[in-house]
Amino acid sequence: MICNNLSVNAEGHLCLAGVDTVRLAQTYGTPLYVMDEDRIRERCRTYRSAMRDAFGPDALPLYAGKAAAFRQIYRVMREEGMGIDVVSPGEIYAAASVGFPMGRAYFHGNNKTDADIAYALDRRVGCFVVDNREELETLNRMAGERGIRQKILLRLTPGIDPHTYDAVATGKVDSKFGAAIETGQAGELTALALSLPHVSLAGFHCHVGSQVFDSDVYLRACAIMLNFAAEMKAAHGYVTGELDLGGGYGVRYLESDPEIDIAANIRQVGQALRAQCASLGLPVPAVRMEPGRSIVADAGLTLYTVGTFKQIPGYKNYVSVDGGMTDNPRFALYRSPYTVCIANRMREPAALRASVVGRCCESGDILQEDVPVPGTVARGDIAAVLTTGAYNYAMSSTYNRIPRPAMVLLRGGEPTLAVRRETYADLCRNEL
Ligand code: LLP
């Protein structure tokens, strides 16, 4: 099993956190997102304690809600003492609605509208991660109108290519995000921020990419950011108080993916950061990281009911399920790998190979290709796609007017509904 919260029970059924997934499918219907809340909490604690040990008591992980943003997860983040990275008023609204302390929210985005900025200021979001000059000037004006001095970080691009897929590589010089250090624009943005009365520059942010397995990428980013901080000290006498290193580590989608020791990696970054601060004569900043995927991905799986098993002799086989690219567009978008199994036939040998496809009217509606399946697979079976906790519910759509699935959280072996299944009436709610 790719993750230690998965097991198989005496009936040969797949279990998540000890709970029989076939029973869950019977009780709640399919497609169904299932999330292991205990695993989410465990990951939060791993990041919190590893970051405190590595960087000191002021370090704080910010959960990147873009990976999975819904009210109950913000409740978990509040209870676990996490900060959050928010990217839209929608995320701010959801977090605030369950009493998340907005002082621990960091607001991201390369194009925050005036309305976004006003909303975040009025909700007292703790920190803006400012992306560009227009945002900086607008924020300064709007904070001034409210008599506020808003804490900010500046988003910089350190010019690192993390060798991940294009859609998630964000730290390169030619990125749409942030100000480049290499071109001098980061220095100019810093000078501007320091000159404005209604923003208070706390430090700098960078994000090199997502699904990164290589600690080397963080070490390089850290080195470039601290050198920049030393330059700003020399140029303006400005001392960086916070350093945000962006998103978290990669996760295992396949058996062949490496397993990452998050705490050991953070320790390594901590040692390098302390040594470099000492040699540059900088105080150790309060470090932030923004893990999304590695907090929620392997806490989740998606259950589907099999509808057809089509064999085309000499060509290929298809298993069609009752969801697809609407609840998980990641294969269609990125050809992302996933492990798929037939949850009620875990003890049967997987003798055939099939594409597992969705129900949308589109041939690109594929969840995964070349999946080993038992030859007995049949209508009514339950298919499980593993490691779907990140960027699935968050990226779901209602294409073909397919309602979004329900989501169940497992806590101490007990399922509770976190998101109700969408109804057809929900789909028409805003239509006149
Ligand atoms: N912080 C920033 C500024 C980010 O841009 C991201 C991800 C994160 C944190 C969280 O990174 P994580 O820990 O989750 O790797 N939809 C794509 C992922 C796009 C992520 C973009 N930014 C996917 O499904 O793979």
Side-chain angles (χ1 to χ4, degrees), residues 40 43-44 46-47 51 60-69 73 77 82-88 91 105-112 127-132 135 153-158 160 162-172 175-179 204-215 217-218 221 225 242-253 257 260 262 265-266 269 287-300 302 325 327-338 367-368 385 387-397:
I40 295 171
R43 286 282 193 272
C44 292
T46 299
Y47 270 99
M51 286 182 66
L60 183 68
L62 315 175
Y63 167 64
K66 71 205 82 182
I73 205 155
M77 295 304 143
M82 297 283 283
I84 52 172
D85 146 358
V86 291
V87 296
S88 68
E91 289 188 358
Y106 284 61
F107 185 24
H108 274 276
N110 66 303
N111 186 19
K112 302 180 186 79
C127 186
F128 277 62
V129 183
V130 172
D131 188 274
N132 52 63
E135 179 189 339
L153 300 180
L154 294 180
R155 178 158 182 171
L156 310 182
T157 45
I160 288 175
H163 304 299
T164 183
Y165 47 108
D166 276 354
V168 298
T170 56
K172 296 195 287 182
S175 168
K176 79 166 177 173
F177 297 103
F204 302 106
H205 169 281
C206 68
H207 172 75
V208 288
S210 196
Q211 188 61 354
V212 172
F213 286 99
D214 209 346
S215 225
V217 160
Y218 291 101
M225 296 298 282
E242 274 188 32
L243 178 62
D244 187 334
L245 295 171
Y249 291 97
V251 301
R252 294 182 86 202
Y253 288 103
D257 288 334
I260 288 228
I262 293 171
N265 273 280
I266 291 177
V269 179
V287 173
R288 308 282 176 255
M289 292 181 86
E290 300 166 344
R293 192 188 309 266
S294 53
I295 300 276
V296 288
D298 66 15
T302 311
M325 65 190 290
D327 57 78
N328 182 0
R330 295 189 71 256
F331 185 87
L333 278 173
Y334 318 122
R335 299 192 71 77
S336 298
Y338 279 103
L367 286 167
Q368 201 58 210
V385 178
T387 329
T388 57
Y391 303 112
N392 273 232
Y393 174 66
M395 293 175 75
S396 61
S397 75

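Order of listing sets the numbers, starting from 1, for every ligand and every atom in it.
- Of the heavy atoms in Pro291, only backbone atoms (N, CA, C, O) come closer than 4.0 Å to ligand 1.
- For Asp85, every heavy-atom contact with ligand 1 shorter than 4.0 Å involves the side chain, none the backbone.
- Using modelled atom types, one side-chain atom of Asn132 and one backbone atom of Asn110 make a donor-acceptor pair closer than 3.5 Å.
- No side-chain donor-acceptor contact under 3.5 Å links Arg155 to the backbone of Val129.
- For the pair Phe177 and ligand 1, no heavy-atom separation below 4.0 Å is found.
- For Arg293, heavy-atom contacts with ligand 1 shorter than 4.0 Å involve the backbone as well as the side chain.
- When each atom of ligand 1 is checked for a heavy atom of Arg330 under 4.0 Å away, the hits are 23 (C), 24 (O), 25 (O).
- Under the 3.5 Å distance criterion, the side-chain polar atoms of Gln368 are matched with a main-chain donor or acceptor of Ser336.
- Nearest heavy atoms, Ile260 versus Gly250: CG1-O, 4.3 Å.
- Residue Gly292 has at least one heavy-atom neighbour below 4.0 Å for each of these atoms of ligand 1: 12 (P), 13 (O), 14 (O).
- Remark: among candidates Arg155, Glu290, His108, His205, the nearest residue to atom 1 (N) of ligand 1 is Glu290, based on non-hydrogen atoms.
- The backbone N or O of Gly248 lies less than 3.5 Å from no partner atom in the side chain of Ser294, so there is not a single donor-acceptor pair.
- No close placement of the Tyr63 and Tyr47 rings is indicated, their centers lying 6.0 Å or farther apart.
- Ring centroids of His108 and His205 are separated by less than 6.0 Å, placing the two rings close together.
- Against a heavy-atom cut-off of under 4.0 Å, Met395 is close to the following atoms of ligand 1: 16 (N), 24 (O).
- Taking every heavy atom of Ser210 and a limit of under 4.0 angstrom, the matching atoms of ligand 1 come to 11 (O), 12 (P), 14 (O), 15 (O).
- Both the sub-6.0 Å distance and the 45° axial angle are not jointly satisfied by Lys112 relative to the ring of Phe128.
- Short contacts between ligand 1 and Tyr334, defined as distances under 4.0 Å to a heavy atom of the residue, involve ligand atoms 16 (N), 17 (C), 23 (C), 24 (O), 25 (O).
- At a 3.5 angstrom cut-off on N or O pairs, Tyr249 does not count as close to ligand 1.
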